[in-house]
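Both ligands and their constituent atoms are indexed starting at 1 by order of listing.
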Amino acid sequence: MIGLGRQFHGSTCVKNASPTMGNMVMRILLLGSPGSGKGTQSSRLQKNFNVAAISSGDLLRRNIANGTEIGKFAAKEIERGAYVSDNIMIELITNELRTIKRKNWLLDGFPRTINQAIALDDNLSLTGQPLNLVINLQVPEEVILQRIMDRWVHVPSGRVYNLSYNPPKRPGLDDVTGEKLSKRTDDNAEIFKIRLQKHRELTEPLLEYYSKRNMLVTFTGSTSDEIYPKIEGELLRRFGVENFNQGGRPEIVNEEANNIPLNDV
Ligand code: ATP
Ligand code: MG
């Protein structure tokens, strides 16, 4: 089944919601093909929930911008649409996870191979903090290429702009810092084809891996605006409202939808 079919209306006071809600810590993975909007959803979630985020792609791009050894190596792989080796990625993200101070976090872009997933599971089980939700973004392939061609990024922050859906306030400049936006070296039609192929071959097997562990939910839509409310509803339902930053919470009006088994999404 696709989507929750839930409806939201208005914004209601949430402070006196069920006291049993909100105890659960959010440890989330965002999966989805290149250009499916993982970065955009991650930014929105960080704005609306009390959650830290690690994006493997942003981390690599910052390493490239800073001229680090990892950056030099990664640049070659990224430019040709290949994956950076599991060993490098596992070390990079494991170190980054150690720096996270907040109890709630989400990962975008890592793990993206079975080896990385196993390493992450092992690492998190050592600290008794396993992933508890994997969100798969499903966006039709026809719309993704155009989105990639229209995409500009602010490398230091990872903020993503789209010339059609979400243009910067001043052309070519980041809304927050006013710094220059840039085009990713891998955001072109030729490399995108290779990235999609790699994704199918190496990352899609993760869907089965997490589905078997009853952790996977999939949301489908053509735009991030269409998908975001579905994710938000799911997080409120699973994790409660304690971690929700907004002044109010959309009221869930469809009782029946509320009873859908957690993995049947
Ligand atoms: P999008 O940002 O549009 O969702 P994407 O998922 O392909 O697309 P990023 O996550 O930004 O892009 O990653 C860009 C590139 O960085 C990848 O194509 C790959 O070369 C490298 N990369 C990022 N994360 C990993 C990873 N976990 N393992 C191996 N390579 C990675
Ligand atoms: Mg990304």
Practice prompt. Show which residues join W152 in its hydrophobic cluster (side-chain heavy-atom contacts under 4.5 Å, direct or indirect), or state none.
Written response: Y161, L163, L181
Worksheet, complete the sentence: The side chain to side chain donor-acceptor pair (under 3.5 Å) partners of R213 (sequence neighbours excluded) come to none
Item to complete: Would you confirm whether E96, through its side chain, and L92, through its main-chain N or O, come within 3.5 Å as a donor-acceptor pair?
Response: no
Fill in: Whether R195 side chain and D186 backbone form a donor-acceptor pair below 3.5 Å
yes
Practice prompt. Sorted by first residue and then second, give each salt bridge (Lys or Arg N to Asp or Glu O under 4.0 Å) pair with at least one member in residues 144-167; sequence neighbours left out.
Written response: R151-D187, R159-D174
Worksheet item: Got the residues with a heavy atom under 4.0 Å of ligand 1, by chain and number?
Response: P34, G35, K38, S56, G57, L60, R61, I78, A82, Y83, V84, M89, G109, F110, R112, Q116, R151, R184, D186, R195
Discussion item. Test salt bridge (charged side-chain N to carboxylate O under 4.0 Å, His left out) on D225 and R44; report intermediate values, then the result.
Written reply: CA-CA 10 Å; D225 282 351; R44 289 194 193 180; 2.5 Å; yes
